[in-house]
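First up is the structure itself, then whatever we jot down about it.
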2 protein chains.
Amino acid sequence: MSYSLRQIRALTAAVETGSFGRAALRLHVSQPALTLQIRALEESLGVTLFDRSARGVRPTPAGQALAASFQRILDDLETVVAGAREQAQRRSGVVHLAVLPSVAANLLPGALARLRAAHPGIRVMVRDAVARRVAALVKAGEAELGIGHAAGPEPELEETPLFEDSLVAVLPPGHPFAALKEVGLPALAAAPLVLTDPESSLRTLAEHAFAAAGLAIRPAYEATYMSTAVALVRAGLGIGLLPATAVELRVAPLLETRPVPSPLLRRRIVLLRRRGASLSPAAEALAEVLEG
Amino acid sequence: MSYSLRQIRALTAAVETGSFGRAALRLHVSQPALTLQIRALEESLGVTLFDRSARGVRPTPAGQALAASFQRILDDLETVVAGAREQAQRRSGVVHLAVLPSVAANLLPGALARLRAAHPGIRVMVRDAVARRVAALVKAGEAELGIGHAAGPEPELEETPLFEDSLVAVLPPGHPFAALKEVGLPALAAAPLVLTDPESSLRTLAEHAFAAAGLAIRPAYEATYMSTAVALVRAGLGIGLLPATAVELRVAPLLETRPVPSPLLRRRIVLLRRRGASLSPAAEALAEVLEG
DNA sequence: GTAGCTCATGAGGTTTTCCTATGAGTGCGC
DNA sequence: GCGCACTCATAGGAAAACCTCATGAGCTAC
């Protein structure tokens, strides 16, 4: 025979109120029900918890001590449960998010601001990583959500499209191409280009697009950091081939961008989550903000 | 709707075993029962605790975290309950005992040794005090048990007789009264007496006995400590009127004792407890040893 | 002495809980 | 490619736990 939370609550209430009747009132049960709970607990523990007399009950030392111990445990329990319910209501919680550096710098801040506005209690732990690593982090469960590239069908990952990022031609001030509505690949191939470094996925994307068009790429400059690349273009050293969403472009005056008509220069940025793994309420909230 | 210990145990077992079926096995319930417990807990908390698939379940981060918190609480609870049960079985526990100094020095050590032999885990906090204070301590609940004098009918205290302590005549070596079987009050009144100090209850007892016999008491010496009194008698300075149970008499060679035929020189030593207050199991054990 | 308080008791009914049997989805081995 | 084995989910009926209402019994106080 075992004890239950009801019995434990009955004990603490009875010790606190000093009366079975008042304890029953507090717990919204009838007095006989409470009497039975206490008796069951006494039998289960093999301990007399109260001395009964016709003019009331008085806790035994054991009852007093147990009530104090139980009260502490009940408080602990209440705290844990309240925390869980709070998280369920999106009033608190933590999401671990793995995200591409470019997105972290551009799209993410606004999204986090919207999340904070809607759910001020939710904290987001952001980890920026290259596309491959974003996927790995989500697969390993180290990140609940990831923002990365569409990488084709992965059995373990589920992708939700967020937006498309395309490489655009970035023209130095006064460049003749500014007269065009768009800049074709052949024209770009013939011009000196400012590209990102050969290790980056942006560069790989560019290489593939040119190769598919039967063109060779002619990098005049390679920069690791976006801000360097932008500065080089601005100095007139070449045409940049850079992601349209890069914040560095938006804040750089005098630079004009033109689309490049190639489907291969587009990247679908997607939200990644583990397939079959439900999200925590906090992650759910973040996903909604990102997808909405 | 609220949560229960069963549900909490179901969660921790399921997270630990990684399977509803194995958890059910461990908790000795059927698998559907466990499934329902988990679901009820999820509904109560508003949190998804497991991701279900046809090939098994996997705890969500929330489930994992809650299971860990709950496990700690369950361990706490288990410890408290185990402690209570241990005390109920007299395998541990504490008794606060108030006791007359004379009894503490004489009867008590043997009793505590017997208690230790029977119940090694029980600790006894001994507090020696004069009779009036013994009664007060028990009344106030500061001592669960008391060893004191029979003090007539007290509404709050219950008395169980332990033994009788009578004042006996303690004769110096070679005293002529050694030829007698007993020493009457008149003979004592005529002799120089070694008594305890006027504040002590022993002295009061002696005064009353003499007064009732129409005799005046003639203290030659008054000693506060029993050992002093014994030493005075041994030095031949008078006849002692001391409690028969005093250990100092038993270990003093050459001293002989003779009963004094007066019912007023007897004291009933009783075990005191609060009326209507049940004893802790540890106190129960001590009472048994004392009364047995 | 009676009214008012306490907790205990007993009967009856309701709610909860559980178990057995079965279903349904997935992975594995033949 | 097809069952077989394993997982958890579902459903219906039975058992157990629980609660409430009504009442009893012991004590206190007026």
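Within every chain, numbering begins at 1; the chains are lettered A, B, ... in the order of the sequence lines, protein sequences first and strands thereafter. Nothing here was measured: the structure is a model prediction, and the numbers come from that model.
Counting any heavy atom pair closer than 4.0 Å across all strands shown, Ala33(B) reaches sugar-phosphate atoms only and no base atom.
With the nearest nucleotide of DNA chain D identified for both Phe20(B) and Pro32(A), Phe20(B) has the one nearer the 5' end.
Within the structure, a side-chain polar atom (N or O) of Gln37(A) is placed less than 4.0 Å from OP1 or OP2 of dC19(D). The phosphate of dC8(D) (OP1 or OP2) has no side-chain N or O of Thr35(B) nearer than 4.0 angstrom. Between Arg52(B) and dA9(D), a side-chain N or O to OP1/OP2 separation shorter than 4.0 Å is present.
In this structure, CG of Leu34(A) is placed 13 Å from C1' of dA8(C), rounded to the nearest angstrom. Between Leu36(A) atom CG and dG10(C) atom P the separation is 11 Å, expressed in whole Å. The nearest whole Å value for the distance from the CZ atom in Arg22(A) to the C1' atom in dC7(C) is 12 Å. Remark: P of dC18(C) and CG of Leu27(B) are 10 Å apart, rounded to the nearest angstrom. Straight-line distance from the CG atom of Asp51(A) to the C1' atom of dC27(D): 16 Å, rounded to whole Å. When rounded to the nearest whole Å, the span between CD of Gln31(B) and P of dT17(C) equals 17 Å. Taking atom NE2 of His28(A) as the reference point, atom P of dT20(D) lies 11 Å away to the nearest angstrom. Rounded to a whole Å, the CD1 atom of Ile38(B) is 14 Å from the P atom of dT17(C).
Ion pairing between Glu159(B) and Arg274(B) fails under the 4.0 Å rule for side-chain N and carboxylate O. A salt bridge is defined here as a Lys NZ or Arg NE, NH1 or NH2 lying under 4.0 Å from an Asp or Glu carboxylate O, and Asp165(A) with Arg267(A) meets this definition.
Of the candidates dT26(C), dC21(D), dG26(D), the closest approach to any side-chain atom of Arg55(B) belongs to dT26(C). Distances were taken from every side-chain heavy atom of Val57(A) (C-beta onward) to each of dC18(C), dC7(C), dT7(D); the shortest belongs to dC7(C). When distances run from any side-chain atom of Arg6(A) to the nucleotides dC18(D), dA8(C), dT28(D), the shortest one goes to dC18(D). Closest contact between the side chain of Ser30(B) and the listed nucleotides dC21(D), dC19(D), dT20(C) involves dT20(C). Closest to the side chain of Ser19(B), out of dC8(D), dA9(D), dC27(D), is dC8(D).
For the pair Arg9(A) and Tyr3(B), the cation-pi test (distance below 6.0 Å, angle within 45°) is passed.
Annotation for Arg85(A): atom CZ counts as buried by contact number, over 12 foreign heavy atoms lying within 6.0 Å.
Under the side chain to side chain contact (heavy atoms under 4.5 Å, CB included) test applied with Gln71(B), the options Asp76(B), Thr12(B), Leu66(B) reduce to a single match, Thr12(B).
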